[in-house]
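What follows is a short report on a single structure.
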There are 2 protein chains.
Amino acid sequence: MTKKQALLKAAESKVRQGGYSNFSFRELATDVGIKSASVHYHFPTKADLGAELARQYTETFLGALGDPEVLVSEGKDPIDTYVDLFRQALIKDEKMCLCGLLGAETDCLPDKVRAETKQFFERNLAWLERAHKLHKKVDQKEAQLLAIKTVSLLEGAMMISKAIDNNDLFNQAVALA
Amino acid sequence: MTKKQALLKAAESKVRQGGYSNFSFRELATDVGIKSASVHYHFPTKADLGAELARQYTETFLGALGDPEVLVSEGKDPIDTYVDLFRQALIKDEKMCLCGLLGAETDCLPDKVRAETKQFFERNLAWLERAHKLHKKVDQKEAQLLAIKTVSLLEGAMMISKAIDNNDLFNQAVALA
DNA sequence: GTCTATAATTTGATAGAC
DNA sequence: GTCTATCAAATTATAGAC
């Protein structure tokens with residue numbers, strides 16, 4: 001892994017625990033074994049690092065989801081795949097969704113970080129809309145509503161499971177019926 | 001309003017925008033017209049202020065909800081009342097739920113702030129459980145599930161509406177069917 | 001209750017050598 | 001790419017006067 005990727009990885013862990021303000025160039029530098037001045041070589045400003053972090057997180061997340069068309073053609077329910085990815089983020093990493101935390105503090109983010117955070121949700125909604133249309137055969141408008149409800153429920157369930165410190169809550173929140 | 005209440009009010013606004021790290025004693029002091037050292041007279045440490053903030057927010061929130069039994073006896077759906085309180089927080093204040101934001105960054109909070117944040121959700125779940133049992137006449141276990149789903153959906157819908165900067169999303173997320 | 005003064009630490013960022 | 005050195009600003013907190 002390149003130093004740049006190691007810096008982003010260290011930053012992701014910290015932001016997913018305490019938000020945008022919960023990492024400093026000095027801490028990241030120590031984590032990867034360089035000095036804070038060197039971090040500025042890879043990322044001119046903190047906002048640059050934050051924006052790149054959100055951008056890569058979005059890419060990785062959507063990449064892990066795959067194409068809803070392909071999932072359906074394999075006989076899978078794409079919504080189950082979506083829920084499982086959130087579950088994994090919470091249970092395995094024991095952390096919030098990066099963009100969930102950033103989204104909540106959107107008013108205080110640098111412009112470019114806020115823009116990337118917004119993109120995460122726009123692309124997630126687009127993915128879910130397609131998934132719902134394919135799987136449940138609902139119309140456009142209904143698929144849109146279901147997409148909004150799905151991502152809202154999942155982000156909220158993550159947040160509350162963290163707050164109460166009980167992952168069972170997540171599973172109960174996302175259980176059918 | 002006492003200076004102490006004014007300080008808490010100023011802190012609430014800041015935390016609901018950017019989280020626990022988004023207020024400093026100096027800023028609060030300036031907002032209410034005193035010096036930062038004087039803030040320590042009212043709140044020994046930042047954690048003390050944060051804990052008191054979350055505690056009062058919880059009290060005010062549950063106080064505004066009222067008793068679900070009374071609401072039902074007046075012919076109201078207590079869940080509608082609950083949704084409306086969240087809607088008001090988002091639309092009128094243009095801010096996240098205080099404890100939603102704090103809950104998301106729970107891992108990095110001082111112990112006493114984390115504890116008060118947890119209480120907010122425990123008491124909200126208890127309120128919703130009673131409300132669902134009264135209104136929909138479901139059994140205990142089902143009411144518990146509905147409570148978890150309700151608060152998850154609302155907190156998540158707030159977060160995403162903030163992130164995408166479109167309050168219509170909130171209304172779509174919480175719309176029935 | 002509020003002030004001045006100050007301490008100790010952390011932060012984001014830059015200049016310039018290697 | 002990474003370093004040393006440094007800066008200006010901000011932060012939480014305390015001591016002690018009024």
Side-chain angles (χ1 to χ4, degrees), chain A residues 1-56 101-102 105-117, chain B residues 1-54 56 101-102 105 107-117:
Chain A
M1 184 164 24
T2 66
K3 280 272 159 66
K4 191 168 182 172
Q5 278 306 311
L7 288 167
L8 288 170
K9 189 181 167 188
E12 179 186 323
S13 172
K14 286 166 169 49
V15 175
R16 287 179 63 188
Q17 288 180 68
Y20 182 71
S21 68
N22 195 45
F23 78 93
S24 73
F25 274 30
R26 265 180 180 72
E27 283 178 317
L28 300 190
T30 301
D31 284 357
V32 309
I34 59 176
K35 295 293 176 180
S36 76
S38 306
V39 180
H40 287 277
Y41 168 79
H42 300 284
F43 305 98
T45 70
K46 182 171 177 171
D48 291 318
L49 194 159
E52 175 71 5
L53 177 61
R55 203 189 57 76
Q56 282 204 14
L101 235 164
L102 291 178
E105 54 189 11
T106 192
D107 290 341
C108 297
L109 295 178
D111 287 345
K112 57 173 66 172
V113 183
R114 179 170 40 241
E116 293 295 341
T117 303
Chain B
M1 184 164 21
T2 65
K3 281 271 159 68
K4 192 169 183 173
Q5 278 306 312
L7 287 167
L8 287 170
K9 189 181 168 187
E12 179 185 321
S13 171
K14 286 166 170 45
V15 175
R16 286 178 64 187
Q17 288 180 71
Y20 182 72
S21 68
N22 195 46
F23 77 93
S24 73
F25 274 29
R26 261 182 181 71
E27 282 178 317
L28 300 190
T30 300
D31 285 356
V32 308
I34 58 176
K35 295 294 177 179
S36 76
S38 306
V39 181
H40 287 277
Y41 167 79
H42 300 284
F43 305 99
T45 69
K46 182 170 178 172
D48 291 318
L49 195 159
E52 175 71 6
L53 177 61
Q56 281 203 15
L101 235 166
L102 292 178
E105 54 190 11
D107 291 341
C108 296
L109 295 178
D111 287 345
K112 58 174 64 175
V113 182
R114 177 168 44 241
E116 292 295 342
T117 303

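Numbered from 1 within each chain, the chains take letters A, B, ... in sequence-line order.
Proximity of Ser38(B) to the phosphate of dG1(C): no side-chain N or O atom is located under 4.0 Å from OP1 or OP2. OP1 or OP2 of dT2(D) lies within a sub-4.0 Å distance of a side-chain N or O belonging to Lys3(A). The shortest distance between the side-chain N/O atoms of Tyr41(A) and the OP1/OP2 oxygens of dT2(D) is not below 4.0 Å.
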Worksheet item: What is the per-nucleotide protein-contact pattern of nucleotides 12-18 of chain D, from the 5' end, where B denotes a base atom under 4.0 Å from a protein heavy atom, S denotes such proximity for sugar-phosphate atoms only, and - denotes neither?
Response: BBB----

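To the nearest 0.5 Å, the span separating CD on Glu105(A) from OH on Tyr20(A) amounts to 10.0 Å. Taking CG from Asp107(B) and CZ from Arg114(B), the interatomic distance works out to 7.0 Å, rounded to the nearest 0.5 Å.
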With a cut-off of 3.5 Å and sequence neighbours excluded, list every side-chain donor-acceptor pair involving residues 31-38 of chain B.
| residue | atom | partner | partner atom | Å |
| --- | --- | --- | --- | --- |
| Asp31(B) | OD2 | Lys14(B) | NZ | 2.8 |

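The shortest distance between side-chain heavy atoms of Thr117(B) and Leu109(B) falls below 4.5 Å.
Lys46(B) forms a cation-pi arrangement with Phe23(B), by the criterion of a distance under 6.0 Å to the ring centre and an angle within 45° of the ring axis.
Rounded to whole Å, atom P of dT2(D) lies 14 Å from atom CG of Leu28(A).
Of the candidate nucleotides dC3(C), dT11(C), dT2(C), dC3(C) has the atom nearest to the side chain of Lys35(B).
When each of Leu8(A), Val113(A), Asp48(A) is checked for a side-chain contact (heavy atoms from CB on, under 4.5 Å) with Leu53(A), only Leu8(A) meets the rule.
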